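Below, each value reflects all heavy atoms present in this structure, side chains not excepted, and no hydrogens, waters or symmetry copies. Please read these numbers as outputs of a predicted model, since none were measured by experiment.
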Amino acid sequence: MKNDSVIDDPAPLQTSYRPSSFVDRESEREQINQIQENQLRNLFLHGPRGTGKTHLLLDHIEKLPSSINTCYIPCRRCSTQYQALKQIYQSVTGENPGDGHHTAKLQREIQDRTTDVETLIVLDDVDFLLSNDGDSLLYKLSRTNPENLSIVIISSQTTDLSQRLEERTYSSLQPSRIGFEPYSAGETYQVLGKRARDSLKPETLHRNALTYIASTTQNISKGLTWLKTSAKNTEDRITEESVRQTQRQAYQDYVSQQLRYFTQHHRLLHQAIEELEEEHGTPINTGKIYDRYQELCKSESVSNRRLSDFLKDLELLDLVEAKYHYGGRKGKTREIKSSSF
DNA sequence: GGTCCACAGGAAGCCTTGGAGT
DNA sequence: ACTCCAAGGCTTCCTGTGGACC
């Protein structure tokens with residue numbers, strides 16, 4: 001790898017970096033403010049990955065008065081009821097409860113500690129929680145100190161929450177819904193351009209390079225990763241040609257970043273899919289993928305049943321696309337195709 | 001009409017972990 | 001130190017699926 005000579009400040013190219021202003025998200029920001037001002041408790045934000053849902057909400061939280069207690073739960077890391085409750089408990093009390101307690105005990109503690117304090121709980125990437133026992137947790141939270149506790153649910157997979165939750169849970173939550181439209185290529189260009197100006201040295205990025213990235217992906221996280229990978233591999237000027245050359249490596253960087261909190265089995269599973277696609281093209285059936293995973297894993301492999309759940313995780317991360325067949329000539333299977341830039 | 005395909009995904013149970021009670 | 005209990009990770013078992021083919 002070459003040195004970072006075109007990068008002046010690496011921070012603005014990080015996906016976690018929050019810029020001072022947002023491109024074309026004023027109406028969503030306004031909606032969030034209005035809902036909170038009108039004392040409506042719960043909120044459901046949905047839209048594709050990389051459209052700024054999390055960033056906008058974290059920005060909103062930062063501006064809330066310090067009297068309001070906020071708990072941010074990244075559900076891809078806290079995907080079980082216990083893990084999510086543990087995180088909430090930690091935010092509310094400042095203490096780590098450890099493991100081995102009953103969920104009911106943690107719940108009671110949380111209820112006691114939030115009785116007199118306005119509290120906002122954010123469940124980001126809620127689909128990971130819902131694929132476990134999330135419904136039950138949401139139901140319990142929705143009945144915990146309803147006067148003081150608000151819940152914000154963020155999803156990039158679910159557009160209609162009422163279809164994913166039990167009726168009693170949805171009716172208890174009654175969330176106000178805000179949809180985030182995907183960015184256009186022009187808006188993506190603006191967002192990435194601003195980050196590049198804040199990060200790169202002057203005149204080190206060619207306009208065509210940015211146009212190429214923005215026309216290929218409208219997912220801001222992917223675009224930023226691509227820009228960063230290109231910058232790291234360029235000595236003087238990022239051009240369309242250099243961006244094209246780093247496309248593959250940038251995607252690998254993006255995958256590693258997305259899978260960093262998951263198991264080695266998730267990574268091997270993804271590797272198996274990529275290898276099979278390269279050898280045989282797309283789509284690939286799950287049976288072939290499981291066989292290749294076994295070969296890659298050699299020992300200590302998990303069962304196909306477990307792997308089926310891990311494949312679902314890759315779907316939730318938008319790293320693969322799956323077409324479901326519930327019978328028919330192909331049998332009951334999923335046809336898998338990996339997504340890319 | 002019966003059989004086959006190629007798993008999906010639910011249910012039950014096992015094992016490990018860690019806190020609480022005795 | 002020992003036992004009990006709950007949660008989560010995981011495996012095993014099993015049923016269901018619907019169009020193609022005989």
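At the phosphate of B:dA8, OP1 or OP2 sits under 4.0 Å from a side-chain N or O atom of A:Tyr290. Of the side-chain N and O atoms in A:Thr286, one or more sit less than 4.0 angstrom from OP1 or OP2 of B:dA8. Between A:Ser303 and C:dC10, a side-chain N or O to OP1/OP2 separation shorter than 4.0 Å is absent.
Near DNA chain C, defined here as any heavy-atom distance below 4.0 Å, the residues from residues 304-321 of chain A are A:Arg305, A:Arg306, A:Phe310, listed numerically. A heavy atom closer than 4.0 Å to some atom of DNA chain B occurs in no member of residues 261-273 of chain A. Of the residues in residues 97-112 of chain A, those with a non-hydrogen atom less than 4.0 angstrom from any atom of DNA chain B are A:Asp99, A:Gly100, A:His101, A:Lys105.
In this view, A:Lys140 satisfies the salt bridge (charged side-chain N to carboxylate O under 4.0 Å, His left out) rule with no residue, not counting sequence neighbours. Applying the ring pair (Phe, Tyr, Trp, His ring centres under 6.0 Å) criterion to A:Tyr254, with sequence neighbours excluded, gives no partner residue. Listed by chain and residue number, nothing satisfies the salt bridge (charged side-chain N to carboxylate O under 4.0 Å, His left out) test with A:Glu187 (two or more places apart in sequence, or in another chain). Partners of A:Asp133 by side chain to side chain donor-acceptor pair (under 3.5 Å), not counting sequence neighbours, listed by chain and number: A:Gln81. Under the rule for a salt bridge (charged side-chain N to carboxylate O under 4.0 Å, His left out), A:Arg237 has no partner lying at least two apart in sequence or in another chain.
Among residues at least two apart or in separate chains, side chain to side chain donor-acceptor pair (under 3.5 Å) pairs with a member in residues 58-72 of chain A are A:Arg18-A:Glu62, A:Arg29-A:Asp59, A:Asn33-A:His60, A:Asp59-A:Lys63, A:Tyr72-A:Asp124.
Side chains of A:Thr333 and A:Thr286: a donor-acceptor N/O pair is present below 3.5 angstrom, by distance only. Between the side chains of A:Gln252 and A:Glu274, at least one donor N or O lies within less than 3.5 Å of an accepting N or O. For the residue pair A:Gln245 and A:Asn233, no side-chain donor N or O sits within less than 3.5 Å of a side-chain acceptor on the partner.
Between the side chain of A:Gln111 and the backbone N or O of A:Gln107, no donor-acceptor pair lies under 3.5 Å.
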Atom pairs under 3.5 Å: protein N/O with N/O of nucleotides 13-15 of chain B:
none

Using a cutoff of under 3.5 Å, can you pull out all pairs of nitrogen or oxygen atoms linking the protein to nucleotides 16-19 of chain C, with atom names and distances?
{"from": "C:dG16", "atom 1": "N2", "to": "A:Lys332", "atom 2": "NZ", "distance (Å)": "3.3"}
{"from": "C:dT17", "atom 1": "O3'", "to": "A:Tyr326", "atom 2": "O", "distance (Å)": "3.3"}
{"from": "C:dG18", "atom 1": "N2", "to": "A:Gly328", "atom 2": "N", "distance (Å)": "2.8"}
{"from": "C:dG18", "atom 1": "N2", "to": "A:Gly328", "atom 2": "O", "distance (Å)": "2.4"}
{"from": "C:dG18", "atom 1": "N3", "to": "A:Gly328", "atom 2": "N", "distance (Å)": "2.6"}

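Residues A:Leu311 and A:Tyr290 have side chains in contact (heavy-atom distance under 4.5 Å, counting atoms from C-beta outward).
Test A:Thr159, A:Asp127, A:Thr169 against A:Arg164 for side chain to side chain donor-acceptor pair (under 3.5 Å) and you get one pass: A:Asp127.
Here CG of A:Leu268 is found 13.5 Å from CD1 of A:Ile289. Values are rounded to the nearest 0.5 Å.
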Writing each nucleotide of DNA chain B 5' to 3' as (, ), [, ], | or . by Watson-Crick or G-U pairing under 3.5 Å yields ||||||||||||||||||||||
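A salt bridge does not link A:Lys201 to A:Asp8: none of the charged nitrogens lies less than 4.0 Å from a carboxylate oxygen.
A cation-pi contact, defined as under 6.0 Å to the ring centre and within 45° of the axis, links A:Arg77 to A:Tyr261. A cation-pi arrangement is absent between A:Arg334 and A:Tyr326, since the terminal nitrogen or guanidinium carbon is not both under 6.0 Å from the aromatic centre and inside a 45° cone about the axis. Taking the ring centre of A:Phe262 as origin, the terminal cationic atom of A:Arg76 falls outside the region bounded by 6.0 Å and 45° from the ring axis. Both tests pass for A:Arg168 against the ring of A:Tyr139: distance under 6.0 Å to the centre and angle within 45° of the axis.
One interatomic measurement links the two molecules: CD1 of A:Ile284 to P of B:dA6, which rounds to 16 Å at whole-angstrom precision. Separating the NZ atom of A:Lys323 from the P atom of B:dA8 is a distance of 15 Å, rounded to the nearest angstrom. If you take OH of A:Tyr82 and C1' of B:dT17, they are 11 Å apart, rounded to a whole angstrom. Atom pair A:Glu300:CD and C:dC10:C1' shows a separation of 13 Å (rounding to whole Å applied). Between A:Asp133 atom CG and C:dG9 atom C1' the separation is 15 Å, expressed in whole Å. Atom pair A:Tyr324:OH and B:dA6:P shows a separation of 19 Å (rounding to whole Å applied).
Taking the six-membered ring where tryptophan is involved, the planes of A:His270 and A:Tyr251 are tilted, since the angle between them lies from 30° to 60°.
No contact: A:Ser131 has no heavy atom under 4.0 Å from any strand.
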